[in-house]
Engineer: 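Starting off with a structure, shown below.
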Amino acid sequence: MAHVDPAQLCFEHVRTRRYIIASYWLVVILAIPLWWKTTSIERLALPASRVHAASRREILFPVTVNLETKDGTDAAAAAQGVKFWLEMDRAVGLASAVDISVTTGNKSSAAYNVVLGRGDREPAVEGRQLYFDMLPEDDQLSWDVSMGRLANTLSKLLMPYSTYAASHLQAQRVMTYSPRYRLAFTLLNEDAASGNAALAWDVRGAIQTHFVPLLDKLSVLHNFTIESQVQFHAPLAFETQPIQHEDSEAHGLTHEDLTVFVNSAEWTLSSSASNDPVMHFVLFIPSAKNSPLHILDHEGSVHPSNAFLLPQWGGIVLLNPTHPPSSTLNPLPRLSAADLDPVFNTFAYQLLTLLGVPGLPRDVQPVRGPAGTSQEPFTEWELDALLRRRAVENVRGSSETLESIVRLVNQIEGMPVGPDVKDDVQDALEALNEVHEASRFSPIAALKSSARALTLSSRAFFNPGMLALLYFPAEHNYAVYTPLFASVAAPLVGAVLREIAAWRRARRAAREQANAPAQQTIAEPARGQ
Amino acid sequence: MRWQYCWKTALVLVVQLAVVGAASEQFDEDLTIRPLRDGKLSARFSFSSLLKDARPRDPQQLSNDDEAQHYALFPLALGQILREYAVTELHLSLNAGKWNYDAWGYPDEPGIGTGAELWVWMGESMPASVDLRWQGLRNALAGLFCASLGHLDEQRTTAPALTFQPEGSLPNFTYPHQLRHATLPSEHVCTENLTPFLKLLPCKSLSGIASLLNPHRLFDADWHGLGVHVRYQEAVGVEVRLTFQGVFDPVRYSNERRRDWSLHSVFDRSIERACPVARSSKIRVELPPGSSPYSITPDPSAINDGVATYVVDASEEALDVAMRWPMEDTFEYPNTSEAPPLTEVSVRRNLKGTNQAEAQLTLVVTNNLPVQVTAGYLETMPWLLQFHLHTFHAHVNGVARDDLVSILSYTPPVPHSRPALLQAVLTLPPSSTLHLTMDVVKPFLRYTEHQPDAQRGWDLPPAVLVPFAFGKGQNSTVAASHGRRPRRIYTPIMLVDLATPDFSMPYNVIIMSCTLIALIFGSVFNLLTRKFVVVRVSSAPAAPAEAAAEQRQR
């Protein structure tokens, strides 16, 4: 029986064994990138530096105002004076987003025109033209006063939102920008069966008279969808306060009541067919039990107005029937156009407030037509100011959204960023660039681009693909792989450790062997003795 | 007092005149009450709003802005959905319970299939295809009625146009109309569906007949269901009819086990005040036939053809219709075997077999008339049950009669995407019972396709039978020729038990395969890297020590 020493076999060489173990590890190490690639989340790089640059960049609308005089006053001097005052304003930081330059003599190229006169009439606007009367006295003081007033009026007309208090109050009321709004008119009868009710209304006529001119003029900013409905039972969710008003029983709504006035559980005001923001205009007719119904001021006495505005929601008008409820006939079977006139005037005013139309400064009047010609609902000055304001608001909103996307993606490690998000972010940045380009010549084009930037950036922010993390967290990954990896890794690591131990032992043995002959030579004589 | 009554009447008159004068819209409400022979009480509420001279939206105009919508009585929330998806005709029903045709006869509203059923006629045109709008529509309705109508997806949608003919007229657009029909038998109707339903009514549930709709009582009924029906009628306009139907059990409510009923005893409410905008508001009570004497209070406004009619107006006192059987002490339930069924045809449908892979579907149709009846048979089956059509056989009294099934059309299902559609015409011999049998296969579902309560099984939609011709040859009378459309009979729904896995299975599979791989890897790796040593075993007692010494030396 021939015995072969296994240590002499080729595959029993230490070197071969080490090659085998090394090749296993080589495969494992080479596989790691593949495994990493197939299990990691797609995170494309977002243009973070461009986003930060865009958010730092302020939009500026250059506006040219031309001065024109009728009575031979020096227009150039006036322009100098106005410029001085406007510079002062800018120095104290009141001006924003608008760069006003004042010229003379080129009426055709300037966006706005100011006609200077002498007298004491109030300033008046017509189209993009301002009629301004300087003080008739011809001394330096009244000249300076006139210039100051003109500069003040101009900056109020061109930048009506720039004072802090006004913008703060406005921002709370005004609806956020949307290319399309739905206007929902509702005639709400608190209880039609109690006899005090309007069962129909001439809403088409009233909208035609009061809203259509307004909406036409606003069509550069928004599109509108109109709808209306009548409800016959719309109970209030609270009890009204009984009060005495003009020697008769009445009912009052305190300020706390107004905040909870809309009973969304019982009133079907909203509908589900589209995602456009809705502005509600509610005409509320109290039941016989609760009428007449008045709004109370803080002292508890009756407020002269019977309408109120719910910020970013809409407007409500209370309509008390003109006859006392004990009248033998139902006082309001159908509201005619004449009945609705005051109501829809209020609604129109509320619409303008909700959309952020600034209104003219207190001392400026629109020029009245010669004989009761239909008056423009608001002036071009206001429209332009609104356009600029919406563009600024959209640019700000869009760049804030982009910044928060970048921040969010940096913060959450496992959040996927797909090509659609990246494209949306890039397109939004392009649109923001276009806004800055367009702001030089056309506020309308700037608004259009800014709206696109806003839509794109919020679409990127709300991209459902970024939620993938929630459904497949890294822990889940490890839980699935551990049963395989742990049990495979154990023999691999064990083999390496054993091999290292064997190698060290072999080395020690070799060293000992190298030292051993020397010891032997020393020890030998001793043994010999 | 009298004077006050007078002015109130005058007020209502003026109100009604005003409404009628202004009306491009009108609203009618109506309650039909029918005592049933097994002591139960069927009540059907119908609220119909008509938009005069309106037309459904032309789907070709969908890309353009729609005209402004101004409604006074028509429900705006529903109107918007109809315009948004350019729907011509829509029928939605949400029912709970099993309608007993034999004892209760035909229902007042034909759509009584258990669960949700939605069918819609829409014009086929660009830019938005019918299927796209169908998807949007069911999601919008799901939001409006708080029901899971979003689940009526492609896996449940069919187009059985013969059985579900339009009830109104279809406007003559330049392109054809298409039907979409889907059922969801597992949907359960409850208060959350009734609340949005009531909000669509002009008088909500605060005045008029709708004030009887008391959810506590309605959902206690033996059978209840609500329906929304929109149709367009040429030269009339678009009509929305909201219906509620219920079968109540006065015997159960009464302590003396009597079948006497009143509005107050059934609904726990009476009509206190009229709806001010209703053009007509009527309660009809079908007077029971038969010999047992009864009394009805108050005196009805009119009685004709065995129907007592009450007009709900703004009278001072609340209206509470009541019916009594003074001669009865307790109600005697009729013997069901003696009482003939109230419908021409009785249907039963079963799924037989204990196997998880296959089963047998049987349909038993009994013709209760002494004449031959011809009926359409419709089966819309999700792919959860797949038919072996070659095993489809008909038997009468144990004799094979495959000739009784004609005009069979079958659209096979596509697993995981499309349901099967089986339509046939059945000829039912006089006073006999037809047995239809067919083998079916139960498929395997994917892991993600199982519902959360997988062990309950899957609800299958009802089959529909439409008897449309009575008699034979020359003497045959076609139902439609009487001016009334053929009536649908729904079978009860079925439950199928599909093979259900242990849902921890994927993890078991992972652990199992990982263990196997680790074992194989371990042994192969071990073989490749193990060091083999020869141990010499000699007979000398010192040998082990020697071997050990040798080993140590290595």
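Below, read A as the first sequence line, B as the second, and so on, with proteins coming before strands; counting in each chain starts at 1.
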Engineer: Heavy-atom cut-off 4.5 Å, strictly under: side chain, backbone, both or neither for A:V488 against chain B?
Structural biologist: both
Engineer: What residues form a side-chain hydrogen bond (donor to acceptor under 3.5 Å, both in side chains) with A:N290, not counting sequence neighbours?
Structural biologist: A:E190, A:T240
Engineer: Tell me, side chain or backbone of A:A265 under 4.5 Å from chain B's heavy atoms, or both, or neither?
Structural biologist: backbone
Engineer: For the residue pair B:R133 and B:L62, establish whether any side-chain heavy-atom pair is separated by less than 4.5 Å.
Structural biologist: yes
Engineer: May I ask you to name which of A:E266, A:R204, A:E499, A:Q231 has the most heavy-atom pairs under 4.5 Å with chain B?
Structural biologist: A:R204
Engineer: Could you tell me which of A:A486, A:A192, A:A184 has the largest number of non-hydrogen atom pairs under 4.5 Å with chain B?
Structural biologist: A:A192
Engineer: Report which part of B:Y507 has an atom under 4.5 Å of a heavy atom belonging to chain A: side chain, backbone, both, or neither.
Structural biologist: side chain
Engineer: Heavy-atom distance under 4.5 Å between the side chains of B:S205 and B:S211, does that happen here?
Structural biologist: no
Engineer: Does the gap between the ring centers of A:F224 and A:F211 come in under 6.0 Å?
Structural biologist: no
Engineer: With a 4.5 angstrom heavy-atom cut-off, which part of B:F521 approaches chain A: side chain, backbone, both or neither?
Structural biologist: side chain
Engineer: Can you name the residues that form a side-chain hydrogen bond (donor to acceptor under 3.5 Å, both in side chains) with B:T529, not counting sequence neighbours?
Structural biologist: none
Engineer: Could you check B:D28, B:L213, B:V240 and say which one makes a side-chain contact (heavy atoms from CB on, under 4.5 Å) with B:F47?
Structural biologist: B:L213
Engineer: Against chain B, label A:L183 side chain, backbone, both or neither, depending on which of its atoms sit under 4.5 Å from a heavy atom there.
Structural biologist: neither
Engineer: Are B:N526 and B:S523 linked by a side-chain donor-acceptor pair shorter than 3.5 Å?
Structural biologist: no
Engineer: In terms of heavy-atom proximity below 4.5 Å to chain B, should A:N223 be classed as side chain, backbone, both, or neither?
Structural biologist: neither
Engineer: What part of A:F485 is in contact with chain B, defined as an atom under 4.5 angstrom from a non-hydrogen atom: side chain, backbone, both or neither?
Structural biologist: neither
